[in-house]
Undergrad: 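Sharing a structure below in structure tokens format, with a few things to ask.
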Amino acid sequence: MSSASTTDAASTAPGPARIGVNLLWLVPGVVGGSEEYTTRLLRALAEQAPPDLHLTLFALASFAEAHPDLVAAYPTVTAHLDGRNKAERVAAEATWLVREAGRRRIDLLHHAGGVIPPGPAVGRIPAALTIHDLQPLLMPENFSAVKRRWLHTMLPRSARRARVVLTPSAPTSASVVDVLGVPADRVATVPHGVVAPAPVPAGRLLEVRQRYRLGTEVVLYPAITYPHKDHLTLVRAFARLAASHPDATLVLTGGAGPAEAQVAAAVRASGAGEQVRRTGRIPWSDLDALYELATVVAVPSRFEGFGAPALEAMAAGAALVAADATALPWVVDDGGLLVPPGDEAAWADAIGRLLDDPHERRRLAEAGRARAATFSWARAGRALASGYRRALAVGEDGSS
């Protein structure tokens with residue numbers, strides 16, 4: 001294993017606080033929405049350039065290749081690991097990361113992937129921790145036995161060790177307090193941001209509509225087929241509407257997850273398979289076009305630490321229906337319709353009403369855009385900087 005950095009070891013002269021960000025968990029294209037969240041946060045903080053904070057990234061070589069703008073913005077130390085071998089990564093965090101952080105006299109090490117790695121050497125470095133959600137503790141059935149045991153041990157231990165726990169939403173912050181027993185003054189919310197998309201040219205919209213064989217009404221759900229995303233409720237709800245809306249198309253984008261077989265079986269059993277499109281992973285440019293083409297965006301997920309697709313839909317001016325569960329009501333507020341999770345009849349009713357009511361769709365589009373405008377990456381960057389400052393102010397005994 002080797003490393004490279006744009007800087008030498010830090011000098012002993014007083015200056016900005018030295019923050020290290022542990023990104024060894026971030027395998028580009030594999031870790032999902034947490035990659036977008038983390039990289040956009042780091043870009044926002046780089047744009048603000050707070051003079052009292054100096055960040056160094058500790059990342060995989062593949063991260064540096066995938067995000068050259070962040071390498072240009074921050075001193076970056078790269079570990080030549082694949083990142084997919086968890087045992088190898090954990091060993092690197094206990095040895096390589098500790099050594100490289102020590103060389104740079106890091107004052108605070110931000111573990112952005114959900115846990116603080118085990119080992120006494122890592123534990124001696126003051127830490128901030130991002131917990132994206134507590135699904136492993138609250139819905140353990142969605143995880144393998146090995147991952148469940150690991151996270152049931154590591155999440156509580158990591159939360160106790162961290163000077164500050166950062167989460168993407170107020171409901172997730174509250175669950176960290178309630179479930180893990182972390183004092184409220186040691187938990188900070190660092191929300192996602194969103195940028196309102198530029199209008200997609202008409203020719204591009206026509207191209208996407210034809211390529212995916214869309215009808216005049218489009219119901220969109222962008223999500224990997226994880227069990228908690230609850231594609232099954234949406235497929236069954238859509239099946240109730242398909243006959244009365246023969247020009248409607250249900251579009252399910254996103255890669256295959258653990259519930260893929262069940263979702264495919266539900267589509268086959270629905271009797272509406274001819275009106276369902278399974279696209280797999282698609283380019284962001286296609287997804288932007290689909291948000292603009294969508295008559296309704298549906299987010300039936302039963303568990304979200306934040307719920308980025310709901311925010312993206314509102315920013316795009318789409319009429320949104322979302323599950324009234326976990327963080328989604330906090331994100332959506334009055335920018336969409338909230339429906340009980342898992343209630344197929346209620347989902348069919350809500351989607352059907354929006355398909356039939358253009359005035360309500362326009363009302364929700366306006367409300368959604370206004371709600372989305374409150375979530376900026378600049379706000380998120382300021383919240384991250386504030387979280388770092390709060391962690392730096394906490395003493396070794398937990399006092400501040």
Side-chain angles (χ1 to χ4, degrees), residues 21 23 26 28-29 31-50 55 63 66-74 112 130 132 166-170 172 189-202 204-205 208 220-224 253-254 281-294 296-299 301 304-320 322 327-328 330-336 362 364-387:
V21 185
L23 299 173
L26 203 166
V31 297
S34 56
E35 177 179 2
E36 176 75 4
Y37 172 63
T38 303
T39 55
R40 290 300 298 263
L41 270 178
L42 291 171
R43 290 185 185 104
L45 193 61
E47 290 174 2
Q48 294 167 15
L55 268 64
F63 174 92
H67 301 285
D69 61 318
L70 289 177
V71 175
Y74 295 110
T130 293
H132 298 277
L166 310 173
T167 83
S169 70
T172 301
T189 299
V190 181
H192 288 240
V194 70
V195 177
V200 179
R204 173 75 175 140
L205 291 176
V208 169
L220 171 67
Y221 184 29
I224 296 172
T253 70
R281 286 180 176 273
I282 61 174
W284 273 106
S285 58
D286 280 13
L287 185 56
D288 285 341
L290 286 171
Y291 274 129
E292 190 161 331
L293 289 167
V296 177
V297 173
V299 182
S301 178
E304 292 294 335
F306 183 84
L311 181 60
E312 291 165 1
M314 291 189 295
L320 172 67
L328 285 168
W330 180 81
V331 173
V332 174
D333 195 46
D334 63 352
R362 284 195 292 271
L364 286 178
E366 293 174 4
R369 285 193 182 98
R371 178 61 179 167
T374 68
F375 289 91
S376 70
W377 284 112
R379 170 195 176 194
R382 291 192 296 270
L384 178 60
S386 177

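All values below were derived from every heavy atom in this structure, side-chain atoms included, with hydrogens, water molecules and symmetry-related copies excluded. All values reported here derive from a predicted model rather than from experimental measurement.
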Undergrad: Is there a donor-acceptor pair under 3.5 Å between the side chain of R371 and the backbone N or O of V331?
TA: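 Pair found, side chain donor or acceptor close to backbone of V331.
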Undergrad: When you measure from the side chain of E292 to the backbone N and O of V200, does any donor-acceptor pair fall under 3.5 Å?
TA: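 Between the backbone of V200 and the side chain of E292 there is a qualifying donor-acceptor contact (under 3.5 Å).
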Undergrad: Ignoring hydrogens and angles, tell me if any N or O in the side chain of E35 forms a donor-acceptor pair with the backbone of G29 under 3.5 Å.
TA: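 The answer is yes, because a donor-acceptor pair under 3.5 Å joins these two groups.
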Undergrad: Can you find a pair of side-chain heavy atoms, one from P168 and one from P191, that are under 4.5 Å apart?
TA: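 SC-SC contact between P168 and P191 ruled out.
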Undergrad: Is a donor on one side and an acceptor on the other found under 3.5 Å between the side chain of Q48 and the backbone of A378?
TA: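 The answer is yes, because a donor-acceptor pair under 3.5 Å joins these two groups.
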Undergrad: Between S34 and T38, what is the shortest heavy-atom contact and its length?
TA: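 Scanning both residues completely, I find the closest heavy atoms to be O-OG1, 2.8 Å.
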Undergrad: If only atom types and distance count, is the side chain of W377 paired as donor or acceptor with the main-chain N or O of G193 below 3.5 Å?
TA: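 Yes; judged by distance alone, with no hydrogens or angles, the pair exists.
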Undergrad: Do you know which two heavy atoms are closest between V190 and A380, and how far apart they sit?
TA: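 Of all heavy-atom pairs spanning V190 and A380, the closest is CG1-O, 3.6 Å.
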Undergrad: Which pair of heavy atoms, one from V194 and one from A315, lies closest together, and at what distance?
TA: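 Closest approach of V194 to A315: CG2-CB, 3.7 Å.
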Undergrad: Can you name the nearest heavy-atom pair linking L364 to G336, along with the distance?
TA: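 In this case the closest contact between L364 and G336 is CD2-CA, 3.9 Å.
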Undergrad: Roughly how far, to the nearest 0.5 Å, is the CG atom of D69 from the OG1 atom of T39?
TA: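 Going from the OG1 atom of T39 to the CG atom of D69 covers 8.0 Å.
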Undergrad: Side chains of R43 and H67: is there a donor and an acceptor less than 3.5 Å apart?
TA: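 Looking only at side-chain atoms, H67 and R43 do form a donor-acceptor pair, the distance falling under 3.5 Å.
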Undergrad: Check the pair L290 / V208 against side chain to side chain contact (heavy atoms under 4.5 Å, CB included), numbers first and verdict last.
TA: CA-CA 8 Å; L290 286 171; V208 169; 4.0 Å; yes
Undergrad: Is the shortest heavy-atom distance from the side chain of F63 to the side chain of L70 under 4.5 Å?
TA: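 Contact flag for F63/L70 side chains = yes.
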Undergrad: Would you say R379's side chain and T374's backbone share a donor-acceptor pair under 3.5 angstrom?
TA: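 Confirmed, R379 side chain pairs with T374 backbone.
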Undergrad: Start with the C-alpha gap between L311 and F306, add the side-chain angles, then the distance that decides, and say whether side chain to side chain contact (heavy atoms under 4.5 Å, CB included) holds.
TA: CA-CA 9 Å; L311 181 60; F306 183 84; 3.8 Å; yes
Undergrad: Kindly determine whether H132 and Y37 satisfy ring pair (Phe, Tyr, Trp, His ring centres under 6.0 Å), including the steps that lead there.
TA: CA-CA 10 Å; H132 298 277; Y37 172 63; 5.7 Å; yes
Undergrad: Say you draw a straight line from CG of L320 to CG of L220; how long is it, rounded to the nearest 0.5 Å?
TA: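 Answer rounded to 0.5 Å: 10.5 Å.
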Undergrad: Distance check, rounded to the nearest 0.5 Å: L45 atom CG versus L41 atom CG?
TA: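 With rounding to 0.5 Å, CG (L45) is 8.5 Å from CG (L41).
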Undergrad: Can you tell me how far the CG atom of L42 sits from the CG atom of L55, to the nearest 0.5 Å?
TA: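 Result: 7.0 Å between the selected atoms.
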Undergrad: Carefully, step by step, assess R40 and V195 under the rule side chain to side chain contact (heavy atoms under 4.5 Å, CB included).
TA: CA-CA 11 Å; R40 290 300 298 263; V195 177; 3.4 Å; yes
Undergrad: Pair S285, R204 - check side chain to side chain contact (heavy atoms under 4.5 Å, CB included), show working.
TA: CA-CA 10 Å; S285 58; R204 173 75 175 140; 3.1 Å; yes
Undergrad: Measure the OG1-CG distance between T172 and L166 for me, rounded to the nearest 0.5 Å.
TA: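 Nearest 0.5 Å value for the OG1-CG distance: 12.0 Å.
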Undergrad: Looking at CG of L287 and CZ of R281, how far apart are the two atoms once the value is rounded to the nearest 0.5 Å?
TA: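 Going from the CG atom of L287 to the CZ atom of R281 covers 12.0 Å.
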Undergrad: So, for T253 and P222, which heavy atoms are closest and what is the spacing to 0.1 Å?
TA: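 Reported closest heavy-atom pair: OG1-CA, 3.0 Å.
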Undergrad: What heavy-atom pair brings Y291 and A318 nearest, and what distance separates the two atoms?
TA: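 Distance-wise, the nearest heavy atoms are O-CB, 4.0 Å.
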